[in-house]
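First up is the structure itself, then whatever we jot down about it.
Please read all numbers here as calculations on a predicted model, not as lab measurements. These numbers come from the heavy atoms of this one structure, side chains and all, not from hydrogens, waters or symmetry mates. We name chains A, B, ... by the order of the sequence lines, and we start the count at 1 in each one.
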Amino acid sequence: MGATHLPSTEFDGTAVDDQLEADAEAAQGQPATEMVQLLGPDGKLGTDPVFTEYADRLDAGKLRGFYSDMAAIRRFDQEATALQRQGQLALWVPLTGQEAAQIGSGRASQPQDYIFPTYREHGVALTRNVDLAELLRQFRGVSNGGWNPKDTNFHLYTLVLAAQTPHAVGYAMGIQRDQQLAEARAAENPQVEGSQPAEPKAAVVVYFGDGASSEGDVHESMVFAASYNAPVVFFCQNNHWAISVPTAVQTRIPLSNRAKGYGFPGIRVDGNDVIAVHAVTEWALEHAREGKGPVLIEAFTYRVGAHTTADDPTKYRESSEEELWRAKDPLERLEKYLRTEGLAGDAFFEQVKADGNELAAYVRKTTHDLETPDIRTAFANTYVEAHPLVAEELAWFEEYSAGFAGEATEEEAGH
Amino acid sequence: MTTMTIAKAINEGLRATLSNNPKTLLMGEDIGPLGGVYRVTDGLIKEFGADRVVDTPLAESGIIGTAIGLALRGYLPVCEIQFDGFVFPGFNQITTQLAKMHARSNGNLTVPVVIRIPYGGGIGSIEHHSESPEALFAHTAGLRIITPSNPHDAYWMIQQAVDCQDPVIVFEPKRRYWLKGEVDTESSGLAEDPFKAHVIREGTDATVVVYGPLVPVALAAANAAAEDGRSVEVIDLRSISPIDFDTVTDSVKKTGRLIVAHEAPTFGGIGGEIAARISERAFHSLEAPVIRVGGFHMPYPVAKVEEDYLPDIDRILEALDRALAY
């Protein structure tokens, strides 16, 4: 884990200029030629020399599950957007268009893996069994978090862009150390039955967007990940817009190509192809868990709606662009495939729709029922250990609040 | 009792915590074979290996950010920032992430990260090597900030910082790294609260509150004042967040006069906070306004003129004269 793991940085300098030129061309709105795609917009399954093997692991039940997940999270997204429009949420961050990137990658992770999301990973949260209503606590203004990450290994949303990326690398370094300690213990006691490491090997997935890729923390975290060969998968959802600023302002080359500069693999995958995303992420996680180091995945996708409900995409992009991407819709292409292959029929899709409506009703009711916390919980949670200033200010607040108790009683008494 | 310098005391304190707790690890630039630019971590990599004493890439946000991740996984990282003025690339991670993680998680997560920062002037160095940014961090809820002024405190406070479940920044007075003193490494240990102030010299005419590098200066000023028949009480604050206002208040009730001295600029500094709190707590005991002695409202000046910038014995005595004139 020390500096002995530093990878070679040798490269063929003569090829660099040509490659940069090709990459720059590829970045001008066109997918890189090397983009991994298995399920095309026409709903037909193609092949890939590496990743078909991973796609072959998926049975009909899993594929139907992908569809159910994507449909559920899209329905959830619609409901949350409606709740914001009705004033029930302060803000909402929609994910429509990115369902395949999130469900495909989330379903590739194992329970022992730890996930660091940004603030749009509602689909990944679903795959980690986070109660979706809990995601709304933050947007409702009743919590800055809302769930206990220890329950699901799904970390809290972070609003400062890319701040979670070094956390992910540090967490992965911790996994690495835990693994090493477990192996050392097992080696010390070879006679003990079942002395293999008790915990299954784990890795970390950290999400960020094309906009966040410009932040320094992404760079620093990739340097650290490479230096220590940390078991971390960087999952960049290139949804093409950092609020109103296009990807072209963030990068001159496909983002996946940046990995080469750090000395680990970078893969661009069709982010609207749930099968390819799942395959690529499963490969990357296996790579990381086996001690082969970090991987960068760039999921080439599109944010069909606004950045947040405070945003107006009509001011900065053409509707024709949105239409182009709607034609690549991740749900429609999987539906075509499931129907064509006879893996699902009308009954299945009707049931998915009904389940979605049930989820929406649950979310709506739960949001209305979310209780406003007592500010005393904020006093309690600022520090772990006793803190005299917090105690002093809480005591003042209690005394101050108690001063109103008499007034309330008098009002109730009609005075 | 063993005599050692502050730098050696921190080194021994780190050695003790690395030995006692397998989850402790050190992270920072040049802290491995070099032993840190001040040699505070000297020899530790040889003893504990590169996985426990981690020479990191040159990136402060990366150091602190990865330390947060390690802490979330159950480790106890101790980060070294090479110089005070270089903490700012990591400021975002400290203030928006480290300080807030426990509150953000509704108390479910703890991030017991320790950040060691050599701070303060008086070493004749160049820009960004002599700053006192403690107030910037003290203003952020969720962080604890301590600063030892002698080897015994240095030895124990670093271990107490590692044991604390909250994030702790340890500001180390770099110009006192070579100050020698006795350290009782045999005591059962952590009887003293690291967040409690110490009355290190008793007096009756005025109280001088200081911390870190100015402690020896204040003691020398108190001794000089004694020659003029003035009895000055000196308090080593030790903790900047939280501040032990009880000890300061008790002292002011006895002496009636308060001077707060620190190297950081006076405006917006810790001295102003102490002055305001003591005015609220002991207004009727005060015989004079609280007087602050500190740096000027300017970037830390070039080394050739830093003597004019740094509070010294005369500046503290001048403040004492003003306080006693009321």
Please confirm whether Phe86(B) and Phe88(B) have ring centers closer than 6.0 angstrom.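 Between Phe88(B) and Phe86(B), which both carry aromatic rings, the centre distance is not below 6.0 Å.
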
Top residue by heavy-atom pair count (under 4.5 Å) with chain B, among [options]?
{"options": "Ser143(A), Pro149(A), Gly174(A), Pro388(A)", "result": "Gly174(A)"}
{"options": "Leu159(A), Asp217(A), Thr165(A)", "result": "Asp217(A)"}
{"options": "Ile175(A), Val169(A), Leu181(A)", "result": "Ile175(A)"}
{"options": "Asp178(A), Val204(A), Val390(A), Thr158(A)", "result": "Asp178(A)"}

[X] [atom1] to [Y] [atom2] distance, which is reported to the nearest 0.5 Å:
{"X": "His155(A)", "Y": "Arg128(A)", "atom1": "NE2", "atom2": "CZ", "result": "13.5 Å"}
{"X": "Phe48(B)", "Y": "Thr41(B)", "atom1": "CZ", "atom2": "OG1", "result": "12.0 Å"}
{"X": "Lys260(A)", "Y": "Leu296(A)", "atom1": "NZ", "atom2": "CG", "result": "13.0 Å"}

Are [X] and [Y] ion-paired here, with the side-chain N under 4.0 Å from a carboxylate O?
{"X": "Arg277(B)", "Y": "Glu393(A)", "value": "yes"}
{"X": "Asp246(B)", "Y": "Lys196(B)", "value": "no"}
{"X": "Glu47(B)", "Y": "Arg52(B)", "value": "no"}
{"X": "Arg238(B)", "Y": "Asp236(B)", "value": "no"}

Checking heavy atoms, do the side chain of [X], its backbone, both or neither come under 4.5 Å from chain B?
{"X": "Pro373(A)", "result": "neither"}
{"X": "Thr382(A)", "result": "both"}
{"X": "His219(A)", "result": "neither"}
{"X": "Gln138(A)", "result": "neither"}
{"X": "Ala386(A)", "result": "backbone"}
{"X": "Ala163(A)", "result": "both"}
{"X": "Tyr157(A)", "result": "backbone"}

Does a donor on one side chain sit under 3.5 Å from an acceptor on the other, for Thr247(B) and Asp244(B)?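 Yes, a side-chain donor-acceptor pair sits under 3.5 Å.
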
Please state whether the side chain, the backbone, both or neither of [X] comes within less than 4.5 Å of a heavy atom of chain A.
{"X": "Ala67(B)", "value": "neither"}
{"X": "Ser61(B)", "value": "both"}
{"X": "Asn106(B)", "value": "both"}
{"X": "Leu143(B)", "value": "backbone"}
{"X": "Lys100(B)", "value": "neither"}
{"X": "Gln93(B)", "value": "side chain"}

Between Gln160(B) (side chain only) and Phe195(B) (backbone N and O only), is there a donor and an acceptor less than 3.5 Å apart?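 No, because the side chain of Gln160(B) does not come within donor-acceptor range (under 3.5 Å) of the backbone of Phe195(B).
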
Among [options], which residue forms the greatest number of heavy-atom pairs with chain A at distances under 4.5 Å?
{"options": "Pro112(B), Ser241(B), Cys164(B), Ser105(B)", "answer": "Cys164(B)"}
{"options": "Ala103(B), Gly69(B), Ala99(B)", "answer": "Gly69(B)"}
{"options": "Leu25(B), Thr110(B), Thr56(B)", "answer": "Thr56(B)"}
{"options": "Leu109(B), Ile64(B), Ile243(B), Ile63(B)", "answer": "Leu109(B)"}

Can you name the closest pair of heavy atoms from Ser213(A) and Arg258(A) and give their distance?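 Shortest heavy-atom contact: O-NH1, 3.1 Å.
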
Heavy-atom pair with the smallest gap, counting every atom of Trp147(A) and Leu156(A):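 Shortest heavy-atom separation between Trp147(A) and Leu156(A) comes out as O-CD2, 3.3 Å.
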
Ile375(A) atom CD1: more than 12 heavy-atom contacts under 6.0 Å: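 At most 12 heavy atoms, drawn from other residues, nucleotides or ligands, come within 6.0 Å of this atom.
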
